[in-house]
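Right, one structure below, let's go through it.
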Amino acid sequence: PEDEGMLGYKLSINGCSRLSTRHFTAKDHWGWRNFADSPQDDVVLQVRTWDPAVVVTSENAAEWNISLKRCEEADKSCTFESQKFQLNGRTLCLHFYPKGSAEATVGKCSAFLWSTDEGPLGFELVINGIQRAWSGSFAAWGTRGWRDFANTPEEDVKVEIRTWEPDQLLVKSDCMAEWVIPKCRCCQVGKMEALDSQKFTLGERSLWLRFYPKGDAEAEPENCSVYLFSEDEGPLGFELTLDDCSKSSTALFTDDADNFGWRHFAKDKEQALTLRIRTWDPTSVVSTSSTSAQWHVPQTLHCHFGQGGALESHRFPLGGRTCWIRFYPRGDAEANEGKCSLFLCSQDNGLMGYELALNGFSRQTTDDFLAGANWGWRDFAPTPEGDALLEVQAFDPACVVVAPEKDSAEWHIPGGLCNRLIKGAGLDSQRFTLVGRTFWLRFHPNGDAKAPDGRCSAFLFSEADHEDVLGYEVSLKGQTRGGCDRFEVRDNWGWHDFAEACTTGEAVTLSLRAWVPNQTS
């Protein structure tokens, strides 16, 4: 065309037709490189045009009507583009694919809103009664919409759009903000559909929130999902609170597409709600050696956390692996009142001995970590009243030496470990194999919770893919105890009152001998 503007058009060559709507500049052209097979006879080329007008019904609403005949003539990936129109002071355009965009599911139509202007905008699209809504920030010349909006139309199409300024996100301080979301917004979206907040700045970081009132694609039914995005790289501690539900974490953001949050944050929401965020700089963990580290958490930070609220440290190297500390200043959900909870998390598999300390109070044990797992104590110590100095020390839980005949083993525990463990605290050996079964030992130098005062406890654990009847003897400090018992696939035997407690700090050796009855022992 010689003139600039929107034009709907249909081209036909010998019965093969294609149609579209486009915004033409003067003397511009649109068409199809691979329109049809090369003609074998005379060519009849036909063109039909129409005005793809959008009717603006108010300052924030508009309608666009498309006939069923146009939709039926369209191929998959064929797009109808409306004329440009103004709503809420923005220049917008609608893109409609009657038979779906290239990536749409067969039998679905696609619809998108295009904006020349950047910034926050909420909008609702309704196509023949099917409603979808979105709220967030547009990039300049950006699009937002749905690949599988609804079923392919079987009647004339009426596309309705309504826009609004996104729900206001209020920055309360340099580390706190809240996003008030009206009930109507939550009711307008379905499962997998999200509301995005406008971008905001806390602590010199550019952030935004994404909220799925009925859960993201992988959320269980009746759950909502919440995620935090950051334009800036680096670690950030954050707490999200949705009405009366609060969750916190520490995350390492790597790029502006990175996000952290919870798929199952709380029960799904259809009422008005307030989503609050609080951020902090998770104080760096100082590695004091290859096997120890310290983490200082000021009282002004941990005092804001209620029961169930957790602080996580940076990740740091510890004893050849990558670890981090999870600290609940007022205890996790199952901790006793007045107690804090403290856990060590490991990115790597394997057995590790470790000691955790809080302001001089310490506990020590050995655990077999799975990647990403955590071990520790729910009721670690009283909730700190001032600053919290958290320390961790890793140690080798000492190798178990298995005899060449593989019928006995010795576990050597270095001096200085046993007398540091309080009653109830224990050490686990590494796993080892005797007479075809996997064993490990658990030793409480000052007794487990059921041991009499002044006595130590020892237990034998075993696992295999079958049951066995085995004889066994455990020896410590000249005291030998044992028996002949049937071991289930996973089983344990032992003694709360094994021998005198190990309180002098000397090295300790536990010996185990195992045999199959009716064989030479």
Side-chain angles (χ1 to χ4, degrees), residues 60-61 100-101 103-105 107-113 120-138 142-152 159-170 177-200 207-230 238-249 251 257-277 308 333:
N60 70 335
S101 62
E103 299 177 0
T105 303
K108 297 291 185 180
C109 65
S110 306
F112 300 90
L113 178 66
L121 182 71
F123 72 93
E124 174 189 65
L125 287 183
V126 181
I127 299 179
N128 290 358
I130 302 299
Q131 177 190 62
R132 295 184 183 271
W134 182 86
S135 178
S137 185
F138 275 85
T143 62
R144 292 285 184 175
W146 295 270
R147 186 172 292 122
D148 293 339
F149 188 96
N151 291 331
T152 299
V159 181
E160 300 170 272
I161 179 172
R162 183 172 61 86
T163 62
W164 62 85
E165 293 298 326
D167 313 303
Q168 187 69 26
L169 189 142
L170 302 175
E178 65 178 36
W179 181 22
V180 179
I181 306 173
K183 177 180 179 179
C184 62
R185 301 286 184 263
C186 297
C187 294
Q188 288 166 347
V189 299
K191 184 173 174 62
M192 300 184 289
E193 295 180 358
L195 299 174
D196 278 13
S197 76
Q198 64 193 69
K199 292 181 181 178
F200 56 96
L207 308 167
W208 73 96
L209 293 161
R210 178 164 294 165
F211 175 52
Y212 295 81
K214 296 180 178 66
D216 66 9
E218 298 180 24
E220 296 292 333
E222 300 183 354
N223 281 274
C224 64
S225 308
V226 186
Y227 298 93
L228 175 66
F229 289 74
S230 173
F238 65 95
E239 178 185 48
L240 297 180
T241 302
L242 185 59
D243 292 338
D244 58 350
C245 179
S246 178
K247 296 189 178 184
S248 59
S249 184
D258 215 352
N259 66 88
F260 292 90
W262 293 270
R263 176 162 290 122
H264 302 117
F265 189 91
K267 292 299 180 182
D268 59 2
K269 303 288 183 180
E270 289 194 356
Q271 75 272 20
L273 52 86
T274 300
L275 180 57
R276 296 180 176 86
I277 178 173

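Here the structure is a predicted model, which is why all the values come from computation and not from measurement.
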- Item | Phe149: partners by side-chain contact (heavy atoms from CB on, under 4.5 Å), with sequence neighbours left out | Cys109, Ala111, Leu125, Ile127, Ile130, Arg132, Trp146
- Query: With Glu222, which residues qualify under salt bridge (Lys or Arg N to Asp or Glu O under 4.0 Å), at least two apart?
  - Reply: none
- Apply ring pair (Phe, Tyr, Trp, His ring centres under 6.0 Å) to Phe260 and list each qualifying residue two or more places apart in sequence or on a separate chain. Phe253
- Message: Using 0.5 Å steps for rounding, measure from the CG atom of Leu240 to the OH atom of Tyr227.
- Response: 11.5 Å
- Note on the structure: So CG of Leu273 and SG of Cys224: to nearest 0.5 Å the spacing works out to 8.0 Å
- Side chain proximity check, Trp262 to Val226, heavy atoms < 4.5 angstrom: no
- Task: Please assess Glu124 against Gln131 for the test side-chain contact (heavy atoms from CB on, under 4.5 Å), listing each intermediate value before the final yes or no.
- Result: CA-CA 7 Å; Glu124 174 189 65; Gln131 177 190 62; 2.3 Å; yes
- Note on the structure: Sorted by chain and number, sequence neighbours left out, side-chain contact (heavy atoms from CB on, under 4.5 Å) with Ala194 holds for Asp196, Arg210, Tyr212
- Note on the structure: For Lys191, the salt bridge (Lys or Arg N to Asp or Glu O under 4.0 Å) test, sequence neighbours excluded, returns none
- Message: Using only atom types and a distance under 3.5 Å, with no angle test, would you say the side chain of Asp148 pairs donor to acceptor with the backbone of Lys108?
- Response: no
- Does the side-chain contact (heavy atoms from CB on, under 4.5 Å) test come out yes or no for Phe211 and Trp179, once each step is laid out? CA-CA 10 Å; Phe211 175 52; Trp179 181 22; 3.9 Å; yes
- Query: With Arg276, which residues qualify under side chain to side chain donor-acceptor pair (under 3.5 Å), at least two apart?
  - Reply: Glu178
- Closest heavy-atom pair and its distance - Glu220, His264: N-NE2, 2.8 Å
- Ser110 side chain to Ser101 backbone, donor-acceptor under 3.5 Å: yes
- Item | Check against side-chain contact (heavy atoms from CB on, under 4.5 Å), Phe238 and Leu207 | CA-CA 11 Å; Phe238 65 95; Leu207 308 167; over 6 Å; no
- Apply ring pair (Phe, Tyr, Trp, His ring centres under 6.0 Å) to Phe138 and list each qualifying residue two or more places apart in sequence or on a separate chain. Trp134
- Query: Can you name the residues that form a side chain to side chain donor-acceptor pair (under 3.5 Å) with Lys247, not counting sequence neighbours?
  - Reply: none
- With sequence neighbours excluded, tell me which residues meet side chain to side chain donor-acceptor pair (under 3.5 Å) with Asn128. none
- For residues Lys267 and Asn223, is any side-chain donor paired with an opposing acceptor at under 3.5 Å? no
- Arg263: what forms a salt bridge (Lys or Arg N to Asp or Glu O under 4.0 Å) with it, not counting sequence neighbours? Asp216, Glu218
- Note on the structure: Rounding to 0.5 Å, atoms CG (Asn60) and OG1 (Thr163) come to a distance of 5.0 Å
- Message: Taking side-chain contact (heavy atoms from CB on, under 4.5 Å) as the definition, give me every residue that meets it alongside Ser246, ordered by chain and number, with sequence neighbours left out.
- Response: Glu239, Thr241
- Item | Leu228 CG to Ile277 CD1 distance, which is reported to the nearest 0.5 Å | 4.5 Å
